[in-house]
Amino acid sequence: MGVIVVKVSGEVFDMSKTSPDSRITDVARQLVDIAEEGRRLVAVTGGGKMARLYIELGRKLGASEAELDEVGIEVTRLNARLLITSLSGIAHPVVPRTLDDVLLAHTTSRIVVTGGFQPGHSTNAVAALIAEGLKADLLINATDVDGIYDKDPKLYRDAKKYSVVRVQDLENMILSYESYAGTYELMDITALKIVARSKIPTIITKYTNILDATRGEDVGTKVI
Ligand code: UTP
């Protein structure tokens with residue numbers, strides 16, 4: 001029975017936007033459908049805007065980057081709790097805090113939902129590590145846009161989506177970002193290295209397309 005790891009963008013849980021409850025419920029419904037189709041699942045929740053707001057506040061209070069990462073991790077764990085709640089009963093009830101905890105929880109056959117692990121990377125790296133640890137068939141990075149574009153699709157209407165992107169090209173895009181707490185976008189370099197070394201099939205897509213991605217439909221961008 002194949003394992004799928006889904007990184008759920010913190011955007012889904014963003015309370016400054018309307019109806020976070022229906023976004024969370026929609027993701028939960030897709031995860032239930034995937035489980036009912038016979039796949040084993042681990043979901044990793046991001047921190048999104050709420051994490052960035054907490055990090056911003058902590059930075060004003062003089063926290064170090066590592067401390068700010070810990071603040072971000074706590075927000076990802078809060079989001080994991082919310083997703084566990086909306087998966088009523090079919091998810092492992094506790095948020096694992098390490099890779100070992102995830103591997104152990106996975107033996108229960110329930111959907112496992114986790115957040116961040118440790119400072120210095122993002123929940124994308126966590127998801128990649130878990131996918132590697134469980135020899136997952138598929139890693140889905142479920143974000144707020146349907147894949148990778150040549151420019152920001154929220155700003156440019158003529159932005160073109162790549163259906164496939166090479167790891168090397170993605171690495172070059174990522175290296176042009178700066179790495180501060182709260183700014184690990186798309187896939188951070190750690191996540192990409194893990195995906196590359198273990199050749200984990202990876203799709204970046206919108207969080208409304210998670211189920212379609214598991215069914216092999218033409219959504220998002222594949223990382224090769
Ligand atoms: P995220 O991975 O959610 O970053 O972690 P993000 O950019 O907000 O991702 P999306 O938008 O939800 O998809 C939030 C912050 O928590 C810290 C980092 O500071 C990160 O920016 N973090 C998270 C860690 O330091 N380690 C982790 O394992 C996870």
Side-chain angles (χ1 to χ4, degrees), residues 5-17 20 23-24 27 42-61 63-83 95-103 112-133 139-149 152-154 170 173-195 202-210 213 220-221 223:
V5 178
V6 185
K7 154 70 201 296
V8 181
S9 170
E11 180 87 13
V12 169
F13 306 85
D14 185 350
M15 282 180 283
S16 68
K17 288 185 168 175
R23 284 193 302 278
I24 298 169
V27 168
V42 178
V44 183
T45 50
K49 185 175 173 192
M50 303 316 288
R52 286 191 286 279
L53 287 174
Y54 272 92
I55 286 169
E56 207 176 291
L57 182 55
R59 191 170 276 127
K60 280 187 188 150
L61 296 172
S64 67
E65 288 300 310
E67 285 171 320
L68 295 172
D69 277 343
E70 295 286 7
V71 168
I73 290 168
E74 292 303 333
V75 177
T76 67
R77 289 177 178 153
L78 276 177
N79 289 340
R81 284 213 169 269
L82 290 174
L83 186 54
V95 180
R97 300 170 79 92
T98 65
L99 180 59
D100 275 351
D101 288 350
V102 168
L103 300 182
V112 178
V113 185
T114 191
F117 284 169
Q118 60 194 20
H121 54 229
S122 72
T123 45
N124 285 315
V126 168
L129 262 177
I130 295 169
E132 183 173 69
L139 169 61
I140 300 173
N141 183 353
T143 180
D144 62 334
V145 286
D146 187 35
I148 297 176
Y149 288 75
D152 189 343
K154 289 180 186 160
L170 198 50
M173 289 180 206
I174 290 167
L175 285 174
S176 64
Y177 297 145
E178 291 186 274
S179 281
Y180 293 113
T183 64
Y184 305 126
E185 317 242 350
L186 278 177
M187 300 268 284
D188 62 314
I189 210 75
T190 314
L192 211 56
K193 295 265 182 236
I194 297 166
V195 162
T202 302
I203 297 176
I204 299 170
T205 188
K206 194 169 164 76
Y207 52 75
T208 48
N209 295 335
I210 299 169
T221 301
V223 181

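Just follow the structure's listing: the first ligand is 1, and inside any ligand the first atom is 1.
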Which of the numbered atoms in ligand 1 are under 4.0 angstrom from any heavy atom belonging to [X]?
X      : result
Gly120 : 25 (O)
Phe117 : 27 (C), 28 (O)
Gly72  : 15 (C), 16 (O)
Lys7   : 9 (O), 10 (P), 13 (O)
Gly10  : 10 (P), 12 (O), 13 (O)
Val126 : 28 (O)

Query raised in the report: Is the number of heavy atoms from other residues, nucleotides or ligands within 6.0 Å of CZ (Arg77) greater than 12?
Result: yes
With heavy atoms only and a cut-off of under 4.0 Å, state how [X] meets ligand 1: side chain, backbone, both or neither.
X     : result
Ile73 : both
Glu70 : neither
Lys49 : neither

Query raised in the report: Is Ala51 close to ligand 1, meaning an N/O of one under 3.5 Å from an N/O of the other?
Result: no
Query raised in the report: So, is Gln118 polar-close to ligand 1, with some N/O to N/O distance under 3.5 Å?
Result: yes
Can a donor-acceptor pair be found, under 3.5 Å and without considering hydrogens, that links the side chain of [X] to the backbone of [Y]?
X      : Y      : answer
Lys206 : Asp144 : yes
Arg23  : Asp14  : yes
Thr190 : Ala125 : no
Thr76  : Gly116 : yes

Heavy-atom nearest option to [atom], drawn from [options]:
atom                    : options                       : value
atom 29 (C) of ligand 1 : Gly115, Gly116, Gly46, Pro119 : Gly116
atom 1 (P) of ligand 1  : Thr123, Leu68, Thr45, Leu129  : Thr123
atom 24 (C) of ligand 1 : His121, Arg77, Glu65          : His121

**Report entry** Test side chain to side chain donor-acceptor pair (under 3.5 Å) applied to Thr98 - qualifying residues, sequence neighbours left out
**Finding:** Asp101
Query - Test side chain to side chain donor-acceptor pair (under 3.5 Å) applied to Asp146 - qualifying residues, sequence neighbours left out - result: Lys161, Thr205, Asn209
Query - Nearest heavy atoms of Pro96 and Phe117, plus distance in Å - result: O-CE2, 4.5 Å
Query raised in the report: Salt bridge or not for Glu56 and Arg59, using N-O below 4.0 Å?
Result: no
Query raised in the report: How long is the span from the CG atom in Leu129 to the OG1 atom in Thr114, to the nearest 0.5 Å?
Result: 11.0 Å
Query raised in the report: At a 4.0 Å cut-off, with the gap strictly under it, does some heavy atom of Thr143 reach an atom of ligand 1?
Result: no
